[in-house]
Amino acid sequence: MNDTRHTLNELLVDLFNHIILIEEKNLQDQGVSLSMTEVHILEAIDKSESKMMSAIARRLMVTQGTLTVSTGKLVKKGYVERIRDEKDKRVVRLSLTDKAKDVLKVHNRFHDEMIDKLLDELEIDQQPALVQSLKNVMEFFKENY
């Protein structure tokens, strides 16, 4: 059992580190000059329903101040636009430009290929166990950290 625990620990740590490094290299190879942090901000904006700074900051687990600085850089680079709410001028929503959407296509393709490879190696009856195990790990992190 100790071997299994050690192996799982090594695999999870190595997997996390490799995904970040390989994903960043893949983006660079595709001509994207953004950092992974910047790409993940674009992804968070894309997935946000409200597009409000506060919701996106929560999703990324950063302060609004940190997000403000980062989005300022993305605005200057032409990936994000700030849009003031018509009814409440204090509210700022973020919007992705076409340039950002092109980056997310590259980003999503990488993730699709990664998941395809994972699922190709699993029998259909093994998939629910893998998904549940990963959900359990994620729940552990959410509850404890």
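Values below: every heavy atom of this structure, side chains too, minus hydrogens, waters and symmetry copies. This chain uses plain numbering: 1 for the first residue, then up along the sequence. What you are looking at is a predicted structure, and each value in this text was computed from that prediction instead of being measured.
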Roughly how far, to the nearest 0.5 Å, is the [atom2] atom of [Y] from the [atom1] atom of [X]?
| X | Y | atom1 | atom2 | result |
| --- | --- | --- | --- | --- |
| Ser35 | Leu74 | OG | CG | 8.0 Å |
| Gln126 | Glu121 | CD | CD | 10.5 Å |
| Ser133 | Leu8 | OG | CG | 9.0 Å |
| Leu118 | Leu130 | CG | CG | 5.5 Å |
| Gln127 | Leu122 | CD | CG | 6.0 Å |
| Glu81 | Ile45 | CD | CD1 | 11.0 Å |

Show me the side-chain donor-acceptor pairs of residues 108-116 shorter than 3.5 Å, one per line, residues at least two apart or across chains.
| from | atom 1 | to | atom 2 | distance (Å) |
| --- | --- | --- | --- | --- |
| Asn108 | ND2 | Leu104 | O | 3.1 |
| His111 | NE2 | Glu23 | OE2 | 2.7 |
| His111 | NE2 | His107 | NE2 | 3.4 |

Shortest non-hydrogen separation from Leu67 to Ala57 and the atoms involved: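 Leu67 and Ala57 have their closest heavy atoms at CD2-N, 3.5 Å.
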Minimum-distance pair of heavy atoms, taken over all atoms of Arg93 and Ser50: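 Closest pair (atom of Arg93, atom of Ser50, distance): NH1-O, 2.8 Å.
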pair Gln64-Ser54: side-chain heavy atoms closer than 4.5 Å: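 Yes; the side chains approach each other to less than 4.5 Å.
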With sequence neighbours excluded, residues passing side-chain hydrogen bond (donor to acceptor under 3.5 Å, both in side chains) with Thr66: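 side-chain hydrogen bond (donor to acceptor under 3.5 Å, both in side chains) list for Thr66, sorted by chain: Thr63.
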Contacts of [X] that satisfy salt bridge (charged side-chain N to carboxylate O under 4.0 Å, His left out) - sequence neighbours left out:
| X | result |
| --- | --- |
| Lys101 | none |
| Lys73 | none |
| Lys87 | none |
| Asp125 | none |

Contacts of type side-chain contact (heavy atoms from CB on, under 4.5 Å), residue Arg82, not counting sequence neighbours: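 With neighbours one apart ignored, the set is Thr68, Thr71, Val75, Val92, Leu94.
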Under the side-chain contact (heavy atoms from CB on, under 4.5 Å) test, residues paired with Lys99 that sit two or more places apart: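 Scan of Lys99 (side-chain contact (heavy atoms from CB on, under 4.5 Å), adjacent residues dropped) gives Tyr79, Thr97.
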ILVMFWY network linking Val39 to Val106, side-chain heavy atoms under 4.5 angstrom: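 Shared cluster, yes.
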ILVMFWY cluster, Met52 and Leu42 together (side-chain gap under 4.5 Å):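 Met52 and Leu42: separate clusters.
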Please table the atom pairs, donor to acceptor, closer than 3.5 Å between any side-chain atom in residues 27-34 and protein atoms at least two apart or in another chain.
| from | atom 1 | to | atom 2 | distance (Å) |
| --- | --- | --- | --- | --- |
| Asp29 | OD1 | Lys25 | NZ | 3.3 |
| Asp29 | OD2 | Lys25 | NZ | 2.9 |

Heavy atoms from other residues, nucleotides or ligands near NZ of Lys89 exceed 12 (cutoff 6.0 Å):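 Yes, enclosed.
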Side-chain donor or acceptor of His40 paired with backbone N/O of Met36 under 3.5 Å: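 Confirmed, His40 side chain pairs with Met36 backbone.
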Any pair counted as salt bridge (charged side-chain N to carboxylate O under 4.0 Å, His left out), so long as it reaches residues 37-50, sequence neighbours left out: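 The answer is Glu38-Lys77, Glu43-Lys47.
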Could you tabulate the donor-acceptor pairs under 3.5 Å formed by side-chain atoms of residues 138-145, not counting sequence neighbours?
| from | atom 1 | to | atom 2 | distance (Å) |
| --- | --- | --- | --- | --- |
| Asn144 | ND2 | Phe140 | O | 2.9 |

Stepwise side-chain contact (heavy atoms from CB on, under 4.5 Å) check, Val91 with Arg84: CA-CA 6 Å; Val91 174; Arg84 291 234 175 250; over 6 Å; no
In residues 9-20, what donor-acceptor pairs under 3.5 Å come from side-chain atoms, sequence neighbours left out?
| from | atom 1 | to | atom 2 | distance (Å) |
| --- | --- | --- | --- | --- |
| Asn17 | ND2 | Val13 | O | 3.2 |
| His18 | ND1 | Asp14 | O | 2.8 |

